[in-house]
Structures are given as structure tokens and as C-alpha cells.
Amino acid sequence: MKISTKGRYALRLMLDLAMNGENNVVRIKDIAERQQISDKYLEQIISILNKAGYVRSTRGPQGGYSLRKAPEEYTVGDILRLTEGSLAPVACVEDERGCERETECVTVEVWKRLNQAISDVVDHITLADLVALQEEKLQKNGLDFGKDI
């Protein structure tokens with residue numbers, strides 16, 4: 001399994017909103033500059049996040065985006081599954097019905113365990129956890145909060 005740039009950038013975008021948009025909206029242009037990502041690409045990603053109800057859009061000259069919920073309420077898994085689809089390493093474990101060869105296939109156990117390990121990681125890290133890690137990293141490196149994420 002390989003996470004695409006869409007998934008990685010969506011996570012960075014949501015982290016930027018969590019760190020910089022607590023009491024105000026954040027413009028895509030500002031996120032693009034901080035994250036060094038094309039604003040056109042971020043607009044495509046923010047559209048997905050907006051349609052799913054993850055972010056709130058504010059129109060006008062002072063407009064931008066903010067999180068709809070608290071950072072604690074978003075998991076990395078939520079964001080990645082929205083932008084990437086299934087995170088299952090193989091198709092036979094992404095469907096709850098399994099596969100027709102499951103009773104005779106021993107490798108399915110590898111794929112099930114790998115799928116569970118992936119879920120255990122991404123479903124137990126929240127956006128708030130990432131904010132705390134980012135703040136810790138910024139402090140350790142002597143950087144200003146929110147300026148270099």
C-alpha cells in the first residue's frame with residue numbers, strides 16, 4: 001500500500017487548519033505557501049474535504065476554511081480513507097464478505113494482519129495528536145509555532 005500525494009497533502013492541509021485556524025479561517029493561498037504545495041491542487045483536495053463535511057467554507061474577502069469539528073474528532077484514518085479510499089493492502093480483505101478462496105488460502109492471514117495493523121495505527125492517531133507532535137517538533141527546533149509546518 002502506498003499513500004498518494006492526495007492523501008498526504010490532505011493530512012498536511014488538515015493539520016495546517018488545526019494549527020492555524022482555531023479561531024479564524026485560513027486561506028488556501030496561505031496553506032499552499034506554508035506547505036509548499038500548489039494552491040490549485042489544494043483547492044481540489046479542500047473540495048473533497050468540504051463535501052464530506054470535514055471543513056467549513058467562509059466566502060468573501062476575509063474568507064477561507066476552518067475545521068468543522070475539534071481536532072480530537074478527526075483520525076488520520078478518517079482523512080486518508082476519504083481521500084484514498086480503502087487502505088487495505090489487497091482487495092480480498094477490504095470486503096467483509098472475504099474472498100471465495102479464503103478457506104484454502106493461507107496468505108489471507110498475512111493480509112488480514114497487515115490490514116489490522118494499518119487500521120490500528122491510522123485509527124488511533126488524531127489530528128490533535130499530530131498538532132501536539134508538530135508543536136513539540138517546532139519547540140525542539142526553536143521555530144515559531146505555526147510558521148513552518
Side-chain angles (χ1 to χ4, degrees), residues 1-96 98-99 107-108 110-149:
M1 178 194 70
K2 188 172 183 179
I3 303 297
S4 72
T5 55
K6 186 192 309 183
R8 294 191 335 259
Y9 291 175
L11 196 54
R12 286 170 53 188
L13 188 156
M14 292 289 284
L15 176 59
D16 196 291
L17 287 175
M19 293 191 74
N20 296 294
E22 188 173 344
N23 296 316
N24 54 351
V25 296
V26 182
R27 297 179 323 154
I28 286 292
K29 185 177 182 178
D30 295 334
I31 297 171
E33 188 176 306
R34 277 191 296 271
Q35 297 299 323
Q36 298 176 329
I37 301 170
S38 157
D39 56 342
K40 298 293 183 200
Y41 196 26
L42 286 181
E43 286 171 5
Q44 294 173 21
I45 295 169
I46 201 81
S47 175
I48 295 166
L49 297 167
N50 193 26
K51 286 178 187 169
Y54 283 35
V55 298
R56 176 181 298 115
S57 170
T58 303
R59 295 183 184 261
Q62 301 301 316
Y65 294 91
S66 59
L67 297 177
R68 280 201 184 269
K69 302 184 285 187
E72 299 80 24
E73 296 182 58
Y74 299 96
T75 67
V76 170
D78 293 334
I79 297 163
L80 291 179
R81 284 187 189 92
L82 177 65
T83 54
E84 296 289 325
S86 172
L87 299 179
V90 293
C92 67
V93 296
E94 70 184 349
D95 189 353
E96 289 180 16
C99 120
T107 60
V108 73
V110 174
W111 310 134
K112 283 181 178 181
R113 290 180 193 183
L114 183 55
N115 191 48
Q116 188 59 53
I118 291 167
S119 294
D120 286 346
V121 171
V122 298
D123 292 337
H124 291 95
I125 299 173
T126 68
L127 208 47
D129 295 331
L130 293 180
V131 168
L133 288 169
Q134 183 68 67
E135 289 172 349
E136 186 178 302
K137 187 173 262 196
L138 290 172
Q139 288 175 353
K140 181 180 176 185
N141 293 323
L143 301 171
D144 291 335
F145 169 74
K147 299 256 193 270
D148 296 296
I149 60 167

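Any value given below was found using the heavy atoms of this structure, including those in side chains, with hydrogens, waters and symmetry copies removed.
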**Request:** Side-chain contact test, heavy atoms from C-beta onward, threshold under 4.5 Å: evaluate it for I37 versus I31 and give yes or no.
**Result:** no

**Request:** Calculate, to the nearest 0.5 Å, the distance between atoms CD and NZ belonging to E135 and K140 respectively.
**Result:** 15.5 Å

**Request:** For E33, check side chain to side chain contact (heavy atoms under 4.5 Å, CB included) against everything at least two apart and list the hits.
**Result:** none

**R12 side-chain N/O to Q35 backbone N/O, donor-acceptor pair under 3.5 Å** = yes

**Asked** Which distance, rounded to the nearest 0.5 Å, do you find between the NZ of K6 and the CG of L42?
**Response** 13.0 Å

**Item:** Over all atoms of both residues, closest heavy-atom pair of W111 and C92
**Value:** CD1-SG, 4.2 Å

**Fill in**
Closest non-hydrogen contact found for D129 with T126 is OD2-N, 2.9 Å

**Heavy-atom side-chain contact between M14 and L82 under 4.5 Å** = no

**Fill in**
Here the gap from I28 atom CD1 to Q44 atom CD, rounded to the nearest 0.5 Å, amounts to 11.0 Å

**Asked** If you draw a 6.0 Å radius around NZ in K69, do more than 12 non-hydrogen atoms from other residues or ligands fall strictly inside?
**Response** yes

**Item:** NZ on K29 to CG on D39, rounded to 0.5 Å
**Value:** 8.0 Å

**Request:** Only counting residues at least two apart or in another chain, list the ones meeting side chain to side chain contact (heavy atoms under 4.5 Å, CB included) with L130.
**Result:** L11, L15, V76, I125, L127, L133

**Asked** If every non-hydrogen atom of G7 is compared with every non-hydrogen atom of L80, which pair is closest and at what distance?
**Response** O-CD2, 3.6 Å

If you look only at distance, which donor and acceptor atoms sit under 3.5 Å apart when one is on a side chain in residues 47-68 and the other is two or more places apart or in another chain?
residue: Y54; atom: OH; partner: D78; partner atom: O; Å: 3.4
residue: R68; atom: NE; partner: V55; partner atom: O; Å: 3.1

**Request:** Check for a donor-acceptor pair, side chain of E84 on one end and backbone N or O of S4 on the other, with a separation under 3.5 Å.
**Result:** yes

**Request:** With sequence neighbours left out, write down each residue that passes side chain to side chain contact (heavy atoms under 4.5 Å, CB included) with K40, or none if nothing qualifies.
**Result:** S38, E43

**Main-chain N/O of A128 paired to Y74 side chain as donor or acceptor, under 3.5 Å** = no

Can I get a per-line list of side-chain donor-acceptor pairs under 3.5 Å for residues 113-123, giving both atom names and the distance, sequence neighbours left out?
residue: Q116; atom: NE2; partner: D120; partner atom: OD1; Å: 2.7
residue: S119; atom: OG; partner: R81; partner atom: NH2; Å: 3.3
residue: S119; atom: OG; partner: N115; partner atom: O; Å: 3.2
residue: D123; atom: OD1; partner: R81; partner atom: NH1; Å: 2.7
residue: D123; atom: OD2; partner: R81; partner atom: NH2; Å: 3.2

**Item:** Full working for side-chain contact (heavy atoms from CB on, under 4.5 Å) between V90 and V108
**Value:** CA-CA 9 Å; V90 293; V108 73; over 6 Å; no

**Asked** Closest heavy-atom contact between A10 and T83?
**Response** CB-CG2, 3.5 Å

**Message:** Minimum heavy-atom separation for S86 and A88, please, with both atom names.
**Reply:** OG-N, 3.0 Å

**Fill in**
Applying salt bridge (charged side-chain N to carboxylate O under 4.0 Å, His left out) to R27 and not counting sequence neighbours gives D30

